[in-house]
Amino acid sequence: WKTNYYLGLIYKFSGKTKEAEDLFSTCGDQPDFVPFYLVHAGINQADKEQQLHDLQRAYQLDSFDWRSLKALTNYYMEKKEYSKALDYAKKSILLNPGNSSLILNYAKALNNAKQYRKSLGYLANKHVLPYEGSTDGRNIYFNACIRESFALILRKNYKQAIQYAIKSKEWPENLGVGKPYDTDDRIADYLTGYCYAKHGNQKKASLYYQHVVDYHKHAGSQETSEIILQALAAGKSGKETPIQVIEKALQKEPRNKSVLWAEAVLSGKMPEVGRLKEELLNAKTNPYDVVHRDPNLILIDNLLKLFR
């Protein structure tokens, strides 16, 4: 099986996934080597039953292998079986408490299980090693804060919801991500304004909505779905309609799918909303491609549902 495995690796990293899959499949369960099954699971993502079989086989061979535990965590997160994902994430972190990759995966699993405060408390006491291009630590922290704010809004606890929205603007140094010069706080500011309005403080609500309106992307960066919050905030001031803000953004970036999605939402073009959302979430890319990314699209989508 080793010859097929090594040749399969060459095919895989040459982009010939079908040839690699054929070679791996001929080996069956004969290999007693954990990486074999982890690689095969990565190649064979379309066949979820076979993928799970490979991951379970890797785990059977070595239940202490952190990569197997992380792969199983990710598998169940993708399947939205968050309780199972959390079980594997918890075991992985107990066995490897200082592994930065597992620290973040466990916090993410806690977020998916809607245990946002526990996630934030856990992250507060951990140190994640930074690496080039790293954003995961701060993204997981941000999502925990914003989703806890969502949960508090649903319970009409606007005072605490404001605290978590404002907390989301922080960039904890221990999470391995440096604060950039230009930060986009439109989600946090809009949410804070909304909570102040619900709490009866229109003056502070207007102040935070104006922060959203005043935000400008720095030259060369692409607009994201946060533009819809900017449009809604502008509409509250009465100076511009939401659709006017979107039209201005489209003049600058006529093919930007995030702006087109925002325009479709505001215009009630629901089939277009679904199509653009699908394209943004499932964009196929090759390594090192320069591609438009919209990491907070689902968060924005959930936020809009909250306001309905």
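- Residues Tyr131 and Asp136 have side chains in contact (heavy-atom distance under 4.5 Å, counting atoms from C-beta outward).
- Between the CH2 atom of Trp1 and the CD atom of Gln30 there is a distance of 8.0 Å, given to the nearest 0.5 Å.
- The minimum heavy-atom distance linking Ala113 with Leu86 is given by the pair CB-CD2, 4.0 Å.
- Ser119 and Ala144 get closest at one heavy-atom pair: OG-CB, 4.2 Å.
- Ion pair Lys84/Glu81 flagged as a salt bridge, since at least one NZ, NE, NH1 or NH2 atom sits closer than 4.0 Å to an Asp/Glu carboxylate oxygen.
- For Arg275 and Glu272, the salt-bridge test passes: some basic side-chain N is under 4.0 Å from an acidic carboxylate O.
- In this structure, Phe36 has its ring center closer than 6.0 angstrom to the ring center of Phe24.
- Residue Ile146 forms a side chain to side chain contact (heavy atoms under 4.5 Å, CB included) with just one option from Leu191, Asn302, Leu303, Asn296, and that option is Leu191.
- Each of Lys169, His211, Gln210 was checked for a side-chain hydrogen bond (donor to acceptor under 3.5 Å, both in side chains) with Asp189, and the lone residue meeting it is Lys169.
- At a cut-off of 3.5 Å, with distance as the only test, no side-chain donor of His40 or Gln51 sits close to an acceptor on the other residue.
- Asp22 and Lys18 are joined by a salt bridge, as a carboxylate oxygen and a charged side-chain nitrogen come within less than 4.0 angstrom of each other.
- A donor atom on one side chain and an acceptor atom on the other are not found under 3.5 Å apart for Glu21 and Thr17.
- Taking the centre of each ring, Tyr59 and Tyr88 come in below the 6.0 Å mark.
- A donor-acceptor pair shorter than 3.5 Å cannot be found between the side chains of Lys248 and Gln251.
- At least one side-chain heavy atom of Asp65 sits under 4.5 Å from a side-chain heavy atom of Leu38.
- For Phe307, the CZ atom is densely surrounded, since the number of other residues' heavy atoms within 6.0 Å is greater than 12.
- Residues Asp54 and Asn44 bring no donor and acceptor atom of their side chains to less than 3.5 Å of each other.
- Side chains of Val34 and Arg67 form no contact here, defined as non-hydrogen atoms less than 4.5 Å apart.
- Checked for salt-bridge contact, Lys167 and Glu148 miss the test: no charged N lies under 4.0 Å from a carboxylate O.
- Proximity of the aromatic rings of Tyr190 and Tyr208 is defined here by a centroid distance below 6.0 angstrom, and this criterion is not met.
- Annotation: side chain of Phe150 is not in contact with side chain of Leu154 (no heavy-atom distance under 4.5 Å).
- Side-chain contact check for Lys70 and Ser101: at least one donor-acceptor pair (N or O, by modelled atom type) lies under 3.5 Å.
- At a threshold of 4.5 Å between non-hydrogen side-chain atoms, the residues Cys27 and Tyr5 do not count as touching.
- Using a 4.5 Å cut-off on side-chain heavy atoms (C-beta onward), Tyr158 and Ile153 make contact.
- For Asp29 and His53, the side-chain atoms include at least one donor-acceptor pair closer than 3.5 Å.
- Residues Tyr76 and Tyr82 place their aromatic rings such that the two centres sit no closer than 6.0 Å.
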What verdict does the salt bridge (Lys or Arg N to Asp or Glu O under 4.0 Å) test give for Lys179 and Glu173, after you've listed the backbone C-alpha separation in whole Å, the side-chain angles of each residue and the deciding distance to 0.1 Å?
CA-CA 8 Å; Lys179 183 178 180 179; Glu173 292 183 7; over 6 Å; no
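- Residues Asn256 and Glu253 have side chains that bring a donor and an acceptor to within less than 3.5 angstrom of each other.
- Between Val213 and Lys239, every side-chain heavy-atom pair lies at or beyond the 4.5 Å cut-off.
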